[in-house]
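Notes follow the structure.
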Amino acid sequence: MPWKDRLIIALDVDTADAALSVVERLGDDITTYKVGFELFVSAGPSVVQRIREQGKRVFLDLKYHDIPNTVAKAAVAAARIGVFMFNVHASGGFDMMQRTVSAVNELCVREGLSRPRIIAVTMLTSMTNDVLKNELTISHPVKAHVRTLAALAQKAGLDGVVASPQETAMIKELCGKEFLVVTPGIRPSWTPPDDQRRTATPQEALRDGADYIVMGRAILKADDPVKALELVSLEMLSA
Ligand code: C5P
């Protein structure tokens with residue numbers, strides 16, 4: 001896969017116009033954009049359509065986490081608006097994930113749609129062992145929890161997981177190289193970690209086997225986003 005198709009830019013902005021102006025500014029180098037809560041709730045599903053009209057793919061990052069029936073129906077809605085990829089929380093459980101996959105498969109066969117990749121969030125990259133232990137009273141460490149959730153997602157028929165760069169190699173070893181790993185929490189050496197806790201550079205993430213990397217602030221908040229993108233592309237190519 002060329003580097004362009006592996007880099008997903010997070011459109012963490014609050015209007016469709018702001019999103020479209022990023023898409024225009026970054027031009028041909030970027031093929032895939034992530035639409036998350038802020039943009040989707042502010043601008044609505046039509047923003048997905050507008051980004052697609054620019055010839056771009058959309059990763060809908062709404063991290064569904066609800067009862068199986070509700071998530072399966074929301075997943076069908078995502079497939080209908082033509083997203084390339086969307087995600088659910090693995091901690092929603094096996095039944096929730098399995099019903100989501102079968103509802104989407106059925107829809108896509110019935111209506112001749114291309115089937116989006118369905119991936120699961122294991123643990124948010126902002127979480128730490130301390131948060132797990134002291135706030136959620138989960139006694140095993142992040143890595144063990146990620147392993148359990150990745151294996152569960154694979155068993156339920158999902159295409160892959162979202163995971164921190166530091167867990168990529170472990171997941172590939174556990175689930176095989178075909179199982180997709182999408183990694184946010186990417187910080188080139190010249191940017192601060194912000195609220196992310198388990199970060200890696202683009203080069204490290206790809207070397208560890210990530211299929212896709214997600215970058216937001218390191219590009220969008222750079223003084224010159226186009227220049228930042230160029231530097232990131234060089235890092236990615238050197239991996
Ligand atoms: O600005 P930054 O590069 O940290 O943005 C990362 C993006 O990836 C954000 O949109 C965030 O919501 C998303 N994300 C994440 N951790 C996950 C899943 C998604 O940071 N586990």
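Remember, predicted model here, so these are calculated numbers, not experimental data. As a basis for the values below, the full set of heavy atoms in this structure was taken, side chains included, without hydrogen atoms, waters or symmetry mates. In listed order, ligands and their atoms are each counted from 1.
- By the 4.5 Å heavy-atom criterion applied to side chains, M127 and L136 are counted as neighbours.
- Contacts between D61 and ligand 1, counted as non-hydrogen atom pairs separated by less than 4.0 Å, involve the side chain only.
- Atoms CE and CZ, on M85 and F59 in that order, are 4.5 Å from each other to the nearest 0.5 Å.
- Residue contacts with ligand 1, taken as heavy atom pairs separated by less than 4.0 Å, involve M215 solely via the backbone atoms N, CA, C and O.
- Heavy-atom distances between K63 and ligand 1 reach below 4.0 Å in at least one pair.
- Considering only residues two or more places apart in sequence or on other chains, E178 meets the side chain to side chain donor-acceptor pair (under 3.5 Å) condition with none of them.
- Close approach to R217 involves these atoms of ligand 1, each under 4.0 Å from a residue heavy atom: 1 (O), 2 (P), 3 (O), 4 (O).
- Across I81, V35, V104, a single residue satisfies side chain to side chain contact (heavy atoms under 4.5 Å, CB included) together with F86, and that is V104.
- Of all the heavy atoms of D12, the ones lying under 4.0 Å from any atom of ligand 1 belong exclusively to the side chain.
- Here side-chain hydrogen bond (donor to acceptor under 3.5 Å, both in side chains) pairs that include residues 84-94, with residues two or more places apart or in two chains, are D61-N87.
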